[in-house]
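Here the structure comes first, spelled out in structure tokens, and everything after it is commentary.
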Amino acid sequence: MPTTTAIPTLRGGEWLLQPTEPDAVFTPERLTDEHRLIGQTAQEFVKNEVLPKLDQLEQKDWALARELVKRSGALGLLGVDVPEAYGGVGLDKVSSLVVSERMAQSASFGATWGAHANLTIIPMYLFATEAQKEKYLGRLLTGEIIGGYGLSETGSGSDALGARTRATRQADGGFLLNGEKMWITNGGFADLFLVFAKVDGEQFTAFLVERDFGIKSGKEEHKMGLHGSSTTALIFQDVKVPAENVLGEIGKGHKVAFNVLNFARFKLGAACGGGAYGAIAEAAKYAAERRQFGQPIASFGAIKHKLGEMVVRAYAVESLLYRTAGLVDARIDATPHEPTDGSAALAAFEEYAVEASIAKVAGSEALNYILDENIQVHGGNGYVRDYPAERHFRDARVNRIFEGTNEINRLLIPGMLIRRAMKGDLALIPAAKALQDELLGPPSMPAADDSLLADERRAIDAFKKTALMVLGVAMQTYGQKLTDEQEVLMHIADIAIDVFSAESATLRAAAASDRKTRRASLQVDAARVFVNDATMRIDASARQALAATVDGDTLRTMLAALRRLLKVTPINTAVLRRRLADEAVTRGAYPFGW
Ligand SMILES: Cc1cc2nc3c(=O)[nH]c(=O)nc-3n(C[C@H](O)[C@H](O)[C@H](O)COP(=O)(O)OP(=O)(O)OC[C@H]3O[C@@H](n4cnc5c(N)ncnc54)[C@H](O)[C@@H]3O)c2cc1C
């Protein structure tokens with residue numbers, strides 16, 4: 001399904017160094033009928049078949065969970081990323097994004113489904129031999145067997161390569177697995193697990209392990225949320241795994257684990273987007289119905305601020321998700337490959353690993369903010385179980401923890417940018433040097449431009465320069481030791497996240513205006529609010545990072561340059577947020593949903 005032919009390919013992270021035109025980004029407004037159809041299938045499946053049975057799932061009816069996974073397979077939802085030749089439906093990554101957003105209407109079932117579809121089926125398709133695919137992939141795609149992903153252990157979560165589960169080679173070429181995995185989604189009932197263990201205690205390797213080989217599940221964890229998804233330990237005591245069940249190569253388990261995570265992080269961002277749109281609808285409807293002081297609470301400025309800000313944050317996340325999916329698809333389309341060859345998709349997700357981490361962090365944090373404000377809009381009703389707001393809030397908290405904590409993903413963002421720069425894949429160092437010369441030279445006066453969003457685009461240019469300045473100074477000051485300066489790296493990540501979010505929102509709004517899309521002026525409002533507030537966040541992060549990096553005259557010079565860069569006149573965001581809030585209340589929905 002060629003959808004992104006008009007999207008030029010860009011190297012991962014390159015948006016930080018150059019301007020992008022509105023036409024060069026994929027947006028939800030460019031979805032094809034085919035995208036909408038698969039999205040609608042997912043939406044209706046969850047609405048009609050999952051949500052009515054949520055209580056049963058929350059009571060841990062795993063037979064029902066299995067049945068629902070199977071049903072999603074019959075609808076083609078499990079095979080979106082897998083070519084038809086292997087039993088999938090072989091759609092593009094935009095479709096994959098649309099489906100992940102819709103499946104998130106039920107967070108618990110979304111987790112069950114995600115562990116199966118994203119963490120088991122995708123690595124099977126990408127890394128399994130033909131014989132392994134023959135044996136397992138078809139049955140995973142129909143939901144006949146259910147999958148799970150066993151990476152984490154009690155002592156190694158973030159430090160995944162520190163796993164202690166051991167695979168001891170046997171005389172017949174097979175392995176004996178001993179150890180324990182922790183917090184495994186679908187752990188209570190899955191049939192096939194992708195398990196990471198060290199061969200002879202050293203070579204980190206992925207294995208396909210059937211439950212019937214002898215895996216024992218621990219008891220269900222008592223979690224804060226996601227009560228309708230199974231999370232248990234997996235216990236391996238002399239579990240015999242045949243040689244042919246190594247996935248990928250011995251000693252190359254990190255390739256499987258990390259590549260899967262690039263994919264999965266992006267999809268988690270998508271799921272968070274889906275949760276955010278739903279929460280906005282919930283908050284907007286409640287605010288319209290709930291009356292205090294003789295009027296709906298939606299009429300109060302304080303509540304309008306909340307609803308408006310929810311819309312702004314969701315809009316930015318949605319914009320960056322579709323932009324990223326468009327980049328990934330464009331890259332896959334531009335790579336000559338056989339339809340059954342997953343290596344193009346693998347390479348594309350590796351290329352956009354920075355963007356995937358941004359999607360994960362921005363998505364999960366926007367969702368947390370939105371769900372917290374959703375409770376606040378609900379008042380006391382937000383705190384009791386009669387309303388779904390408190391469940392959503394509990395369910396979503398884990399998104400900042402799994403698939404790489406947000407701290408680990410924040411560290412990865414500048415880490416990967418620097419690594420690419422060092423390898424010569426990203427012209428970051430020459431750009432930082434050119435910026436230094438520019439900042440030391442006389443200030444240039446930008447040409448007058450009163451076109452739509454011109455101020456915002458100028459601000460985004462300044463954001464990028466700020467990111468480069470801070471990153472350049474940090475690299476110069478700390479060199480190799482920058483990895484020890486996590487506080488500085490976190491600030492740089494925050495700036496990069498804001499740059500990508502602000503630019504994605506602004507380009508989308510500009511494209512919507514150019515094409516006279518419905519509600520384009522509201523898109524412009526959302527982008528303008530986001531850019532306005534990002535200026536203050538970026539200023540604060542840059543100041544903190546610079547002050548933790550240099551001092552004395554150097555710091556004063558840098559701060560003067562920062563003031564020059566971020567001279568952005570604030571706008572009246574109250575009036576814009578009110579418009580966005582009113583639209584959400586009138587529609588009883590996130591205004592930009594399709
Ligand atoms: C509901 C649920 C479902 C899950 N499902 C699965 C699953 O299906 N499969 C699976 O394999 N795992 C799963 N997990 C595990 C999850 O991936 C881990 O919990 C996660 O990776 C974090 O690891 P940890 O809990 O050991 O935290 P830790 O790694 O101990 O982290 C604790 C804190 O320290 C920070 N930290 C750690 N290292 C660093 C560092 N180098 N620099 C800075 N900060 C650091 C973290 O960001 C965090 O804030 C699940 C967890 C939950 C709660």
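Numbers for residues simply follow the sequence, beginning at 1. For ligands, and for the atoms within them, numbers begin at 1 and follow the listed sequence.
The I184 neighbourhood of ligand 1 comprises atoms 7 (C), 8 (O), 9 (N), 10 (C), 11 (O), with distances under 4.0 Å to a heavy atom of that residue.
Side-chain contact annotation: E309 with Y369, donor-acceptor N/O pair under 3.5 Å absent. For the residue pair S156/D159, the side-chain donor-acceptor check at 3.5 Å is not satisfied.
With a heavy-atom cut-off of 4.0 Å, V398 touches ligand 1 through its side chain alone. At a heavy-atom distance under 4.0 Å, no atom of D159 approaches ligand 1.
Counting only non-hydrogen atoms, the option in G114, S158, S229 that gets closest to atom 31 (O) of ligand 1 is S158. Closest to atom 17 (O) of ligand 1 by heavy atom, among A163, G147, S152, is S152. Heavy-atom proximity to atom 26 (O) of ligand 1, evaluated over A264, G157, A111, G148, is greatest for G157.
For atom 13 (C) of ligand 1, the protein comes within 4.0 Å by at least one heavy atom. Put simply, atom 37 (C) of ligand 1 has protein non-hydrogen atoms near it, under 4.0 Å away. Using a 4.0 Å threshold on non-hydrogen atoms, atom 49 (O) of ligand 1 counts as touching the protein. Within a 4.0 Å radius of atom 33 (C) of ligand 1, the protein has no heavy atom.
The protein atom (non-hydrogen) at minimum distance from atom 41 (N) of ligand 1 is I408 CD1, 4.0 Å. With hydrogens left out, the protein atom closest to atom 2 (C) of ligand 1 is F402 CD2, 3.8 Å, a heavy atom. The single protein non-hydrogen atom nearest to atom 51 (C) of ligand 1 is W183 CB, 3.6 Å, given as residue, atom name and distance. Closest to atom 20 (C) of ligand 1, if we only count protein heavy atoms, is I401 O, 3.6 Å. The protein heavy-atom contact nearest to atom 8 (O) of ligand 1 is T185 N, 3.0 Å. Here the protein heavy atom with the shortest distance to atom 43 (C) of ligand 1 is Q486 OE1, 3.2 Å.
At least one N or O atom of E407, backbone or side chain, sits closer than 3.5 Å to an N or O atom of ligand 1. Backbone and side-chain nitrogen or oxygen atoms of L226 are examined, and none is located within less than 3.5 angstrom of a nitrogen or oxygen of ligand 1. In terms of polar-atom proximity, T405 is counted as a contact of ligand 1, with an N or O under 3.5 Å from an N or O of the ligand. The shortest N or O to N or O distance between Y149 and ligand 1 is under 3.5 Å.
A salt bridge is defined here as a Lys NZ or Arg NE, NH1 or NH2 lying under 4.0 Å from an Asp or Glu carboxylate O, and D191 with R211 fails to meet this definition. Ionic pairing of K267 and D81 is present here: one or more N-O contacts between side-chain nitrogen and carboxylate oxygen are shorter than 4.0 angstrom. Ion pair R71/E67 not flagged as a salt bridge, since none of the NZ, NE, NH1 or NH2 atoms sits closer than 4.0 Å to an Asp/Glu carboxylate oxygen. E403 has no carboxylate O lying under 4.0 Å from a charged side-chain N of R265, or vice versa, which leaves the two without a salt bridge.
Considering only residues two or more places apart in sequence or on other chains, S357 meets the side chain to side chain donor-acceptor pair (under 3.5 Å) condition with N409. Evaluation of the side-chain contact (heavy atoms from CB on, under 4.5 Å) rule for D61 yields Q56, A63, L64 as partners, not counting sequence neighbours.
By the 4.5 Å heavy-atom criterion applied to side chains, V260 and I122 are not counted as neighbours. Between T405 and R410, every side-chain heavy-atom pair lies at or beyond the 4.5 Å cut-off. Between F204 and K252 there is no side-chain heavy-atom pair separated by less than 4.5 Å.
For the atom pair CZ of R166 and CG of D200, the computed distance is 6.0 Å after rounding to the nearest 0.5 Å. Taking CD from E355 and CZ from F500, the interatomic distance works out to 5.0 Å, rounded to the nearest 0.5 Å.
Heavy atoms of T154 stay at 4.0 angstrom or farther from ligand 1.
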